[in-house]
Amino acid sequence: MTFGQFAIKGNHVNRLAEIFSFFKLIDTGEDQILTNWAETSKILEKENLQYSNTSQQHLVFIQNGWTVIEDLKMNLCYDTEALQNISSLLNQPVFSCFVQTTSSNHAFYYFDKIKARAYHFNDGIIEESFGSPLEQEKDIDLTDNVSCVYDLTTKLGLDWESSKYLDKYIFKTLTNSPELQAELDKYKPEKKEPNKNNRPWWKFW
């Protein structure tokens, strides 16, 4: 299973272009508005199997008072500098997490204008444990690859399963800024075929 997302407390749909700019992404304005999970799941599956060195697509929705931004390819959810700057700009908490079950790798971050909490567990090793534990961490085994992130997000009101029953999803298309494109062009990694056995979260549960 692969999964990545970040969430900002409050409804910030009208500031998405500004939010994505912290990751050096440009909002094309070519949004798709979806009203049911069946359509959304098909687009997510297609996105998960595509590769682009010039653009990104992200699903956005409102859940339990959070603006949630899906990050299946985990391009954004570990950018702690950008996430902290978003929290400072909006004056709201930001929570980010990712999990890769195939490599026993998972992490979460919590910002409240500053980096307040970080935890990263990778292949049996605690890579980072910063700040005081969140109240929601109580009774959670942080070394458990899936339940750590799943249980914590659920306690925060970001339950993966219930997100399938919302009535509005926004699918954003973004292009790389010239600055980001120049950075990526330095490396140009070899294109790899997606691993169809590495199931994303909506196919796992």
Side-chain angles (χ1 to χ4, degrees), residues 3-31 55-100 105-122 126-138 140 142 148-160 163 166 168-184:
F3 171 78
Q5 74 173 21
F6 68 95
I8 309 162
K9 194 68 175 177
N11 186 331
H12 305 286
V13 169
N14 63 338
R15 302 189 73 173
L16 289 174
E18 194 173 5
I19 289 167
F20 283 115
S21 72
F22 282 96
F23 303 100
K24 304 175 186 176
L25 293 169
I26 299 171
D27 191 343
T28 65
E30 300 172 0
D31 297 351
S55 65
Q56 296 183 27
Q57 293 181 308
H58 294 278
L59 181 70
V60 181
F61 52 87
I62 303 299
Q63 183 182 29
N64 294 324
W66 293 86
T67 300
V68 183
I69 299 175
E70 160 275 316
D71 185 26
L72 290 181
K73 294 185 173 70
M74 296 181 287
N75 293 316
L76 315 179
C77 57
Y78 61 85
D79 189 338
T80 56
E81 180 179 356
L83 295 166
Q84 181 174 327
N85 288 336
I86 291 169
S87 177
S88 296
L89 172 73
L90 301 176
N91 196 29
Q92 292 290 343
V94 172
F95 175 80
S96 176
C97 63
F98 68 80
V99 58
Q100 292 178 304
N105 184 21
H106 63 273
F108 64 86
Y109 305 94
Y110 187 85
F111 305 86
D112 195 353
K113 298 177 284 295
I114 61 170
K115 182 179 176 180
R117 178 69 170 130
Y119 184 85
H120 184 192
F121 187 82
N122 184 21
I126 299 175
E127 299 278 0
E128 180 181 15
S129 182
F130 173 85
S132 300
L134 302 174
E135 178 183 349
Q136 292 83 359
E137 292 179 46
K138 185 178 179 181
I140 293 178
L142 299 185
C148 166
V149 175
Y150 179 75
D151 292 347
L152 185 55
T153 53
T154 299
K155 286 186 176 183
L156 286 166
L158 302 168
D159 176 36
W160 306 349
S163 66
L166 303 175
K168 183 178 180 180
Y169 306 89
I170 305 169
F171 209 79
K172 302 288 294 183
T173 298
L174 307 116
T175 58
N176 298 341
S177 67
E179 181 183 0
L180 177 58
Q181 194 62 54
E183 293 174 4
L184 295 175

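Note that the coordinates shown come from a computational prediction; the quantities given were computed from them, not determined experimentally.
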Trainee: Distance from S21 atom OG to L174 atom CG, nearest 0.5 Å?
Mentor: 10.5 Å
Trainee: Going by the side-chain contact (heavy atoms from CB on, under 4.5 Å) test, name the single residue among N105, V149, L76 that passes it with F98.
Mentor: N105
Trainee: Nearest heavy-atom pair of C148 and I140: which atoms, and what distance?
Mentor: CA-CG2, 3.8 Å
Trainee: Can you name the closest pair of heavy atoms from K24 and E183 and give their distance?
Mentor: NZ-OE2, 2.7 Å
Trainee: If we ignore hydrogens and angles and just use 3.5 Å, is the side chain of S88 paired with the main-chain N or O of K113 as donor and acceptor?
Mentor: yes
Trainee: Where the side chain of H106 meets the backbone of L142, is there a donor-acceptor pair that is under 3.5 Å apart?
Mentor: yes
Trainee: Does F108 reach the side chain of E137, with side-chain heavy atoms less than 4.5 Å apart?
Mentor: yes
Trainee: Quick check for you: to the nearest 0.5 Å, what is the distance between D112 atom CG and Q84 atom CD?
Mentor: 10.5 Å
Trainee: Any side-chain heavy atom of L83 sitting closer than 4.5 Å to one from F23?
Mentor: yes
Trainee: Taking all atoms of both residues into account, what is the closest heavy-atom pair of Q136 and K155, and its distance?
Mentor: O-CD, 3.0 Å
Trainee: Is there any salt bridge (charged side-chain N to carboxylate O under 4.0 Å, His left out) pair reaching into residues 73-84, and which pairs are they, with sequence neighbours excluded?
Mentor: none
Trainee: Which is it for I62 and K168 under the side chain to side chain contact (heavy atoms under 4.5 Å, CB included) test, yes or no, and what are the steps along the way?
Mentor: CA-CA 8 Å; I62 303 299; K168 183 178 180 180; over 6 Å; no
Trainee: Anything under 30° is parallel, anything over 60° is perpendicular, the rest tilted; go ahead and classify Y169 against F61.
Mentor: perpendicular
Trainee: Closer than 3.5 angstrom, by distance alone: can the side chain of T28 be matched with the main-chain N or O of T173 as a donor-acceptor pair?
Mentor: yes
Trainee: Looking only at non-hydrogen atoms, find the nearest pair between I8 and I19 and report the distance.
Mentor: CD1-CD1, 3.6 Å
Trainee: Partners of E127 by side-chain hydrogen bond (donor to acceptor under 3.5 Å, both in side chains), sequence neighbours excluded?
Mentor: none
Trainee: Are L25 and N176 packed together at the side-chain level, in the sense that at least one heavy-atom pair is separated by less than 4.5 angstrom?
Mentor: yes
Trainee: Are the side chains of C97 and T153 in contact, using a 4.5 Å heavy-atom criterion?
Mentor: yes
Trainee: Can you see which heavy atom on S163 is nearest to which on Q63, and at what distance?
Mentor: N-NE2, 3.6 Å
Trainee: If every non-hydrogen atom of S129 is compared with every non-hydrogen atom of I126, which pair is closest and at what distance?
Mentor: CB-CG2, 4.1 Å
Trainee: Is the backbone of F111 close enough, under 3.5 Å, to the side chain of R117 for a donor and an acceptor to pair up by distance?
Mentor: no
Trainee: Side chains of Q5 and L158, heavy atoms from C-beta outward: is any pair under 4.5 Å?
Mentor: yes
Trainee: Is a side-chain N or O of S87 found less than 3.5 angstrom from the main chain of Q92, in a donor-acceptor match?
Mentor: yes
Trainee: Spell out, as yes or no, whether a donor-acceptor pair under 3.5 Å connects the side chain of S96 to the backbone of C77.
Mentor: yes
Trainee: State, yes or no, whether a side-chain contact exists between F20 and H58 at a heavy-atom distance under 4.5 Å.
Mentor: yes
Trainee: Got a donor-acceptor contact below 3.5 angstrom from the W66 side chain to the F95 backbone?
Mentor: no
Trainee: With the side chain counted from C-beta on, respond yes when L16 and D31 share a heavy-atom pair under 4.5 Å apart, and no when they do not.
Mentor: no
Trainee: Measure up the F3 and W160 rings against each other and bin them: parallel (under 30°), tilted (30 to 60°), perpendicular (over 60°).
Mentor: tilted
Trainee: State, with a plain yes or no, whether a side-chain heavy atom of Y150 is found less than 4.5 Å away from one of V99.
Mentor: no
